[in-house]
Visitor: 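Mind looking over this structure? Questions follow.
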Amino acid sequence: MSVPTEHLLALAAILFAIGVAGFFTRRNLIVVLMSIELMLNAANLTLVAGSRLHSSTGAVQVDGPILVIFIIAVAAVEAAVGLALVIALYRQKQTVSLDAFARLED
Amino acid sequence: MVNLLFYAAALVAVLTAAGVVLARNPVVSVVSLLSCFGSLAVIYLLAGFQFLAAIQILVYGGAIMVLFLFVVMLLNLGGLSPEAEDRDDPLFHDRRRSAGGLAVAVALGSASLIGILRGARHLTEPTNGFVLPAEGYDALPALAEAMFTRYSLPFEAASVLLLATTVGVMVLAKRQRSAPPAGEERP
Amino acid sequence: MTHDWLWLIPALPLLGSLLCALQHAQVLRGRATNPDLQPGIGAGATAIAAMAAAFGLCLRGFGDIGGETELLQSSSWAWIPGGGGLDIQVAMVLDRLSGAMALVVTGVGLLIHVYAAGYMRGDAGYAKFFAFLNLFVTMMLVLILSGNMVGTFVGWEGVGLCSYLLIGFWYDRDGGSPGHAAQKAFVVNRIGDASFLLGMFLLFTTFGTLDYASLIEGIRAAAMGGENSGTLALAALLLFGGACGKSAQFPLFTWLPDAMAGPTPVSALIHAATMVTSGIYLVIRLNPLFAASEVALFLVAAIGAATALIAGSAALRQRDLKGILAYSTVSQLGYMFLALGSGAWVAALFHVITHAFFKALLFLGAGSVIHGMHEEKDVHKMGGLRRHMPRTFITFTCGAAALSGLPLLSGFFSKDEILAHTFAVGGAWWLLWGVGVFTAALTAFYSWRMVALVFFGEERFDAATVHPHESPPIMTVPLMVLAALSLLGGIIGLPAVFHVPHLLGEWLDPVVRTGNEILEHRSGGHLPHLSHTMEWILLGLGSAIALGCAHLGFHRNKNGLATEEAFESDHPKLHGALSDAWGIDRAYYAGVVTPVRVLAAFVAVFIDAFCVDGTIDAMADTAKRAGTRLKAFADGQVASYGLWMGGGAAVIALLWALGGN
């Protein structure tokens, strides 16, 4: 594959922007969490692009892939905790709409 | 041909990502995200990262997305909640905040794109194209060696994090049968 | 050798004051459950005991000085310690001048305390009254006994405060006019006090000390060397300004007649016998300063003579018994300043002492009359009281005789000594002597008019409702003691023509020696002196005027109000001017008080309520409105907070993407 690196990065930027948009516009807490996953994947894609560029211009380096693996692990943690919170909150208010959780106002 | 495949996968990734954000039904969002991760896995594979593509499918597709789907099903969120139906737009925040969110997204995206395009000329692309080793850029022996030598501390930290998460999530999501009702009001 | 017991002289009345205050607090607390609770006699006894002890100590100190010991000094207390600069060491000093003054204050004060114990009986604020009265004595003693000007100033302010408290003692009576009078006294005194302070500052910058002993040394050196004459004159005039306020001299005397709103013992003690003489005390204390400047001396004498004349003429037409005595006091204080302005320091103190005796007597007698007349003060509604209150009548008449200067009584000797000195100075002082003689005639006239209207003639009160009665012994015994002093007090200052020593003159000689030396130095070696013939002539003239005018004043009024009413209808304008003290008070109101009130109203409404409050309100309003607006940002939605964070990140990202390379 001879796709230039900047195309990979541009794809990452677009995915990231879509994630941001979802994060800020959706009311549904679960969809907000999914938007965060989307942003993390965009970050992974930039790492992949960078690692590919480095490895093909010199010796193979595995730092990029390792960081991606760690990010996937942390993303899994984040999703698990986030979803557990969603369940706990749902038990309180019988909804996952962000409007119901505005306690910081007071 | 391979390049074409990449652009097709990229297009699918963008469309499914948009689907995640725009879908009315959370189940549709989950499936869209799953497709997005799949196409990203394709892109990893094309870029020469076989192992990453594999765990992208296994961990993201197999574990995380199933978790999401599981929660959506558990809370019976396939449809919209009754009170959410009363709103003008049950999916998105009111127009002002949505516009603000979109503006921030566009600004961040365009800033990244501008940065990428302006920085692209500084990149030193390989002169004779990307030479892909047979075992890929993320050969497992090299990965494993780095993971258990140079990255052993972050590795251990990640394992502790996972353990703590397991316990924490169980505490959070457990049905509090014996807890007093007032405890649930505690922020 | 130090005499630390001197501190006890002011401390004892202070202790008495505190005890009385505690008693008053107890009464107030008791009144919460029993509204009719009357204070016991204990407060009066405490106060009298404190006064008696202070008087005893003063007597002891008085006995110790004279002979070899010139003065007694306590150890000093470093109030404002300073190296080289302002260094204030407060010490109690009992010398011949302060000893004499302290003896008068505690002695007359003791008698007035005893009198007040009877007079104030049954008053709701009995204990409070004695707390104030004892505090006053404390402050007066601090004023007198302090060895430096700062201590004197503390006492000076303290007696002003007590005067304020006691004038306004019955602040809720007569529609609040005592409260108003108290404020007036305080404010007018403040003008004088400011002048006193300036004078003090000037002396400090000139001589670098405020200690009387070193100050007098410095002044003596400067005056003999002819240096700093302008500064000395200015300092003298500024201090005299202070004395004008406290001692009720023209143009600041208007507070004293109003001060009669206080209880009568207060009028006797503070506004006749002691506090108002502190201005005279100050001038005698700093006699070299005044002696050094001819201008200052003349101004002091002229103001004194003018005050004597204005107040003496105003006293002619007063109908309020205490008002007559108040104007008389102002007039007699004018005499004292006339003496000071003539260099007759001893004569001034002599008159202070005799005046303390007979004016305290007159005020206390007037209090006894008012007491017996059920708080009636108008002399036109009295008459014929000699039959109802004989003891008061006899003692009051003694006081009036002394005041009018009938021959051989105390007032006769002191007044004639003043007039003789003024005459002897000559020059412009002859004019002032004329004024003094004329005022002496007025004094004799109004004194006997007062006696005639109060005690003689038909009874002009309503016998059905008013039953005049003699006061109890606790009030009349002090009157008798004071009457004896008024009659015989002249012994301490017999004129030279009697060929007996002038006791007070010899006693005070060390204090006034420096001033007299400066006077002698300025006049080229000789002090004004009168021949014996001239003195006999002046004494005879004084006796004749006093007897003649006393006779006139008595016989024109002993048969009732006919002459008074005739004068009123014949000369309505003159009557109005006299009873109004020549309209000076009204001029103050028109020229100062009303404009200040208008200005105060303007400041209150425009500057304060509109500008200041408006600005503050506007600031608060702005903050509040901004808060209301900003509150919308904190709507509790996590997404909103995130949005602001994302917006910030977007801005930073855009700056980073667009800037640089």
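Keep in mind that what you see is a predicted model, and the values were worked out from it rather than measured. Chain identifiers are assigned alphabetically (A, B, ...) following the order of the sequence lines, protein sequences preceding nucleic acid strands; residue numbering begins at 1 within each chain.
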Visitor: Pick from A/Ala17, A/Ser35, A/Ala42: which one has the most heavy-atom pairs with chain B under 4.5 Å?
Guide: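 Maximum pair count with chain B is reached by A/Ala17.
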Visitor: Below 4.5 Å from any heavy atom of chain A, which atoms of B/Phe68 appear? Answer side chain, backbone, both or neither.
Guide: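 For B/Phe68, the contact with chain A is made by backbone and side chain together.
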Visitor: What are the two closest heavy atoms between A/Val74 and B/Leu161, and how far apart are they?
Guide: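 Residues A/Val74 and B/Leu161, closest heavy atoms: CG2-CD2, 4.1 Å.
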Visitor: Flag the one option from B/Ala10, B/Ser112, B/Ala158 with the top tally of heavy-atom pairs under 4.5 Å to chain A.
Guide: B/Ala10
Visitor: Answer with side chain, backbone, both or neither: which region of B/Leu67 has an atom nearer than 4.5 Å to a non-hydrogen atom of chain A?
Guide: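 Both backbone and side chain.
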Visitor: To the nearest 0.5 Å, how far apart are CZ in A/Phe16 and CG in B/Leu108?
Guide: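 Between atom CZ of A/Phe16 and atom CG of B/Leu108 there are 6.0 Å.
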Visitor: Less than 4.5 Å to any heavy atom of chain B: does that hold for the side chain of A/Gln61, its backbone, both, or neither?
Guide: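 For A/Gln61, the contact with chain B is made by the backbone alone.
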Visitor: Determine the minimum heavy-atom distance between B/Leu162 and A/Ala73, stating which atoms define it.
Guide: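 Closest pair (atom of B/Leu162, atom of A/Ala73, distance): CD2-O, 4.4 Å.
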Visitor: Go through the steps to decide whether B/Leu75 and A/Val86 satisfy the test side-chain contact (heavy atoms from CB on, under 4.5 Å), and finish with yes or no.
Guide: CA-CA 9 Å; B/Leu75 301 183; A/Val86 168; 3.8 Å; yes
Visitor: Could you pull out the closest heavy-atom pair between A/Ile18 and B/Ala17, with the gap in Å?
Guide: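 Smallest heavy-atom distance, with atoms named: CG2-O, 3.6 Å.
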Visitor: With a 4.5 Å cut-off on heavy-atom pairs, point out which of A/Leu8, A/Val32, A/Val31 contacts chain B the most.
Guide: A/Leu8
Visitor: Is the backbone N or O of B/Val21 less than 3.5 Å from a side-chain atom of A/Arg26, with the two atoms forming a donor-acceptor pair by type?
Guide: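 Flag set: sc A/Arg26 to bb B/Val21 pair under 3.5 Å.
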Visitor: Show the numbers, then the answer: is there a side-chain contact (heavy atoms from CB on, under 4.5 Å) between A/Ile69 and B/Val59?
Guide: CA-CA 10 Å; A/Ile69 291 165; B/Val59 178; over 6 Å; no
Visitor: Please report the shortest heavy-atom distance between B/Ile116 and A/Ala13, naming the atom on each side.
Guide: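 Heavy atoms of B/Ile116 and A/Ala13 come nearest at CD1-CB, 4.0 Å.
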Visitor: If we only count heavy atoms from C-beta on, is the A/Ile30 to B/Val72 side-chain gap below 4.5 Å?
Guide: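 When only atoms from C-beta onward are counted, B/Val72 and A/Ile30 do touch, with a gap below 4.5 Å.
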Visitor: Looking at side-chain heavy atoms only, is the closest gap between A/Asn41 and B/Cys36 below 4.5 Å?
Guide: no
Visitor: Counting heavy-atom pairs closer than 4.5 Å to chain B, which one of A/Leu85, A/Val48, A/Val81, A/Ile14 comes out on top?
Guide: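 Most heavy-atom pairs under 4.5 Å with chain B: A/Val48.
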Visitor: Are the aromatic rings of A/His7 and B/Phe6 close, with centres under 6.0 Å apart?
Guide: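 Not close enough - the centres of the two rings lie 6.0 Å or further apart.
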Visitor: Can you name the closest pair of heavy atoms from B/Phe155 and A/Phe70 and give their distance?
Guide: N-CZ, 3.5 Å
Visitor: Could you tell me whether the side chains of B/Tyr137 and A/His54 share a donor-acceptor contact shorter than 3.5 Å?
Guide: no
Visitor: So do A/Val62 and B/Met147 actually touch side chain to side chain, heavy atoms under 4.5 Å?
Guide: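 In short, these two side chains do not touch, never coming nearer than 4.5 Å.
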Visitor: Answer with side chain, backbone, both or neither: which region of B/Leu22 has an atom nearer than 4.5 Å to a non-hydrogen atom of chain A?
Guide: backbone
Visitor: Which pair of heavy atoms, one from B/Met65 and one from A/Met34, lies closest together, and at what distance?
Guide: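 Closest heavy-atom pair between B/Met65 and A/Met34: CE-SD, 4.3 Å.
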Visitor: Rounded at 0.5 Å granularity, tell me how far CG in A/Leu33 sits from CD1 in B/Ile64.
Guide: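 Going from the CG atom of A/Leu33 to the CD1 atom of B/Ile64 covers 11.5 Å.
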Visitor: Would you say the side chains of A/Asn44 and B/Gln56 form a donor-acceptor pair under 3.5 Å?
Guide: no
Visitor: Is there a side-chain contact between A/Val3 and B/Tyr7, using heavy atoms and a 4.5 Å cut-off?
Guide: yes
Visitor: Need one label for B/Val14: side chain, backbone, both or neither, based on atoms under 4.5 Å from any heavy atom in chain A.
Guide: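 B/Val14 touches chain A through backbone and side-chain heavy atoms alike.
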Visitor: For the candidates B/Tyr60, B/Phe70, B/Phe51, which exhibits the highest count of non-hydrogen atom pairs separated by less than 4.5 Å from chain A?
Guide: B/Tyr60
Visitor: Measure A/Leu11 against the heavy atoms of chain B and call it side chain, backbone, both or neither at under 4.5 Å.
Guide: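 For A/Leu11, the contact with chain B is made by the side chain alone.
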Visitor: Please classify the contact of B/Val30 with chain A as side chain, backbone, both or neither, using a heavy-atom distance under 4.5 Å.
Guide: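 For B/Val30, the contact with chain A is made by backbone and side chain together.
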Visitor: Calculate, to the nearest 0.5 Å, the distance between atoms CG and CD1 belonging to B/Asp138 and A/Ile66 respectively.
Guide: 10.0 Å
Visitor: Does some side-chain heavy atom of A/Leu9 sit less than 4.5 Å from a side-chain heavy atom of B/Leu113?
Guide: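 They are not in contact (no side-chain heavy atoms under 4.5 Å apart), so the answer is no.
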Visitor: Quick check on A/Val77 against chain B: is it the side chain, the backbone, both or neither that has a heavy atom closer than 4.5 Å?
Guide: both
Visitor: Identify which part of B/Leu40 has an atom lying under 4.5 Å from any heavy atom of chain A, answering side chain, backbone, both or neither.
Guide: side chain
Visitor: Please check: side-chain N/O of A/Arg52 versus main-chain N/O of B/Phe49, any donor-acceptor pairing under 3.5 Å?
Guide: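 Not confirmed, A/Arg52 side chain does not pair with B/Phe49 backbone.
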Visitor: With a 4.5 angstrom heavy-atom cut-off, which part of B/Ala63 approaches chain A: side chain, backbone, both or neither?
Guide: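 Answer is neither: B/Ala63 stays 4.5 Å or more from chain A.
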Visitor: Given the options B/Gly48, B/Gly109, B/Pro154, B/Gly100, which has more heavy-atom pairs under 4.5 Å with chain A than any of the others?
Guide: B/Pro154
Visitor: With only heavy atoms counted, which part of B/Leu46 is less than 4.5 Å from chain A, the side chain, the backbone, both or neither?
Guide: both
